[in-house]
Amino acid sequence: MQQDILINWSPQETRVAVIEHGAVQELHIERSLERGLVGNVYLGKVTRVLPGMQSAFIDIGLERAAFLHVADVWQKHPEGEAPPSRQAQPAVPIERQVFEGQALMVQVIKDPIGTKGARLSTQISIAGRLLVFLPQDEHVGVSQKIPVGEREALRSRLQALVGEKATGGGGGFILRTNGEDATDAELGDDIAYLRKTWARIKDASVRLPPASLLHEDLNLLQRVLRDLVGEQTQNIRIDSKEQSEKLLAFGQEFMPSAVGKLQHYKGERPIFDLFGVEEEIARALGRRVDLKSGGYLIVDQTEALTTVDVNTGGFVGARNFDDTIFKTNLEAAQAIARQLRLRNLGGIIIVDFIDMVRDDHREAVLGEFRKQLGRDRVKTMIGGFSQLGLVEMTRKRTRESLAHMLCEPCPLCQGSGQVKTARSVTYDILREILREARQFNPREFRVVASPQVVDLFLDEESQHLAGLSDFIGKPISLQAEGSMGQDQYDIVLL
């Protein structure tokens, strides 16, 4: 499987598209103003210790002081044991562990929200592509999301590699879920990268004054090399010369195997236009996804889950109806897997394939769906067909979905996806005028509404409006307001 990576950079936004089999499979977007602080490491200065709250305020150079709770203060534990849980009740009070004026290396574990400052921890962890490095511990562990039967073998393998690479320093490591199938060479590269990063943090901590940033979590450009590039990657094209040079320098120091794949795109036409990525983004924000056969998908994302409905549409190309359904479902299985990656949909996902009578057709569609999901770098779990003919699956949430990142609820329909018809609104207005007339005695009622509603009052509903005016004994005037939505109106008492 060949893969190309396209990078569109601007000062305000970085966009990355992953292309496989000639089609966009993933989109990653990072905006400079929205980038969080989680993962950043600072040399903080303790400004105040609060024994009653078992917490301390730390100056890390931000507008508001950050917050350190005693549960997030790292404590040394016997070698070989897992690091203590942050939720475990600590035995040592915070006033005996930190003091005002102390310089303290801390890491942000929660971004500032509203009037609250960032939450900190003194237990440093650095995420790599396959591993998480715990420089203060010697524990070697495996993610609990990896099946129990595989953990011990993976732990032994990792311990051997950590021992071989011990010249770079100690520290503990935890194998991430996406490192389950990694080779020894890939794990070794990650160990070296993480230890080199920690060495730079330690060096900065003795050179820089308190309230300084020691380590910033990788930006999207750098994460492309860390997380997205693999043996299957053919080219990494970036349209900014300046960022291309920075990425080249980063790659030469940390990921030399990826450097030869970097290319500076110099074309006049925007890179995302040239490869059709802009069109894919527009389609990925819509509900309907057309299939080549004439069938289509309807994708609905809600707060709790995502539903995907498969329809035959205009496809009548097979010899009989069963074959038509089977071929539509096979094509849909491929398209759904791609849409999940492209839109970055996570959580519970329900797929309603078209009902199939034959068991072999159902098994073939399910097998194809599993095969396509197997290409997803995000962890997925899928069940079989339920009694109602639905396929239930989950996909790990890694970041905001594309729609949540690029869109917001419609101010007219408030995210419901529908508004009242113009006729329904006219009837609401007539009822409202009648209510107002019983409470107030104005000289005139003026209806301010959308042009569609006003047009209906002047035409088909004119008789009802005139009848109401006669009934209440007051004139009713109309004013069209183009900025109003169809179900918005106002009744002014004159």
Side-chain angles (χ1 to χ4, degrees), residues 35-128 131-141 162 166 168-174 193-218:
R35 196 171 171 207
L37 304 174
V38 173
N40 289 0
V41 179
Y42 295 85
L43 183 63
K45 182 178 181 180
V46 181
T47 58
R48 192 176 178 193
V49 180
L50 305 173
M53 295 176 60
Q54 282 299 291
S55 59
F57 287 111
I58 315 290
D59 178 15
I60 58 174
L62 302 179
E63 184 179 345
R64 292 188 299 274
F67 179 81
L68 174 68
H69 190 265
V70 69
D72 298 311
V73 178
W74 176 80
Q75 297 179 29
K76 188 172 178 60
H77 56 281
E79 186 176 337
E81 287 187 13
S85 167
R86 281 181 173 140
Q87 283 72 39
Q89 185 64 35
V92 184
I94 194 167
E95 62 268 26
R96 291 173 54 189
Q97 300 189 68
V98 301
F99 54 88
E100 291 185 13
Q102 179 184 4
L104 203 61
M105 188 186 294
V106 290
Q107 185 170 37
V108 177
I109 58 174
K110 190 173 183 180
D111 281 321
I113 300 175
T115 58
K116 294 182 179 179
R119 182 161 179 171
L120 306 175
S121 172
T122 62
Q123 181 176 332
I124 310 299
S125 64
I126 308 169
L131 303 165
V132 174
F133 182 42
L134 306 172
Q136 298 147 305
D137 292 293
E138 297 297 328
H139 173 71
V140 174
V162 170
F173 291 87
I174 296 175
Y193 159 73
L194 290 167
R195 282 182 168 154
K196 188 180 292 187
T197 301
W198 174 239
R200 294 178 65 175
I201 293 172
K202 285 200 300 182
D203 177 62
S205 69
V206 296
R207 288 187 296 101
L208 299 176
S212 296
L213 175 65
L214 304 180
H215 168 74
E216 188 173 23
D217 197 27
L218 301 187

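Residues: numbered from 1 along the sequence shown.
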Should Gln97 and Val70 count as side-chain neighbours, where that means a heavy-atom distance under 4.5 Å? yes
Between atom CG of Asp137 and atom CZ of Phe173, what is the distance when rounded to the nearest 0.5 Å? 11.5 Å
Could you tell me if the side chain of Ile126 sits less than 4.5 Å from the side chain of Ile201, heavy atoms only? yes
From Ser212 atom OG to Arg207 atom CZ, the distance as rounded to the nearest 0.5 Å: 10.0 Å
Is any side-chain heavy atom of Leu131 less than 4.5 Å from a side-chain heavy atom of Ile174? no
Looking only at non-hydrogen atoms, find the nearest pair between Phe133 and Gly172 and report the distance. CD1-O, 3.1 Å
From Lys202 NZ over to Ile124 CD1, what is the distance, rounded to the nearest 0.5 angstrom? 12.5 Å
Between Arg195 and Gly171, which heavy-atom pair has the shortest distance, and what is it? NH2-O, 4.5 Å
For Gly39, is there any backbone N or O sitting under 3.5 Å from a side-chain donor or acceptor partner on Gln107? yes
Side-chain contact, heavy-atom cut-off 4.5 Å: Ser55 with Phe67? yes
Any side-chain heavy atom of Leu62 within less than 4.5 Å of one from Leu37? yes
Write down the atom of Pro210, the atom of Gly44, and the distance for their closest heavy-atom approach. CB-O, 4.5 Å
For the pair Gln102 (side chain) and Lys45 (backbone), establish whether a donor and an acceptor sit closer than 3.5 Å, ignoring hydrogens and angles. no
Walk me through it: do Glu95 and Gln54 pass the test side chain to side chain contact (heavy atoms under 4.5 Å, CB included)? CA-CA 8 Å; Glu95 62 268 26; Gln54 282 299 291; 3.0 Å; yes
Ile58 versus Tyr42: any side-chain heavy-atom pair under 4.5 Å? no
Which pair of heavy atoms, one from Leu213 and one from His215, lies closest together, and at what distance? CD1-O, 3.4 Å
In Å and rounded to the nearest 0.5 Å, what is the CG to CZ distance from Leu68 to Phe57? 10.5 Å
Hey, is the main chain of Val108 close enough, under 3.5 Å, to the side chain of Arg119 for a donor-acceptor pair? no
Closest contact, heavy atoms only, Lys116 versus Arg64: O-NH2, 3.3 Å
Contact between Val106 and Val41 at the side-chain level, heavy atoms closer than 4.5 Å - yes or no? no
Partner of Met105 by side chain to side chain contact (heavy atoms under 4.5 Å, CB included), out of Leu214, Leu120, Thr122: Leu214
Gln75-Gln123 side chain donor-acceptor pair, cut-off 3.5 Å: no
Side chains of Tyr193 and Lys196: closer than 4.5 Å at any heavy-atom pair? no
Has Asn40 got a side-chain atom pairing as donor or acceptor with Asp217's backbone, closer than 3.5 angstrom? yes
Separation of Leu43 CG from Asp59 CG (nearest 0.5 Å): 10.5 Å
Quick check for you: to the nearest 0.5 Å, what is the distance between Ser125 atom OG and Ile109 atom CD1? 9.5 Å
Closest approach of Ile60 to Ala66 (non-hydrogen atoms, all atoms of both residues): CD1-CB, 4.0 Å
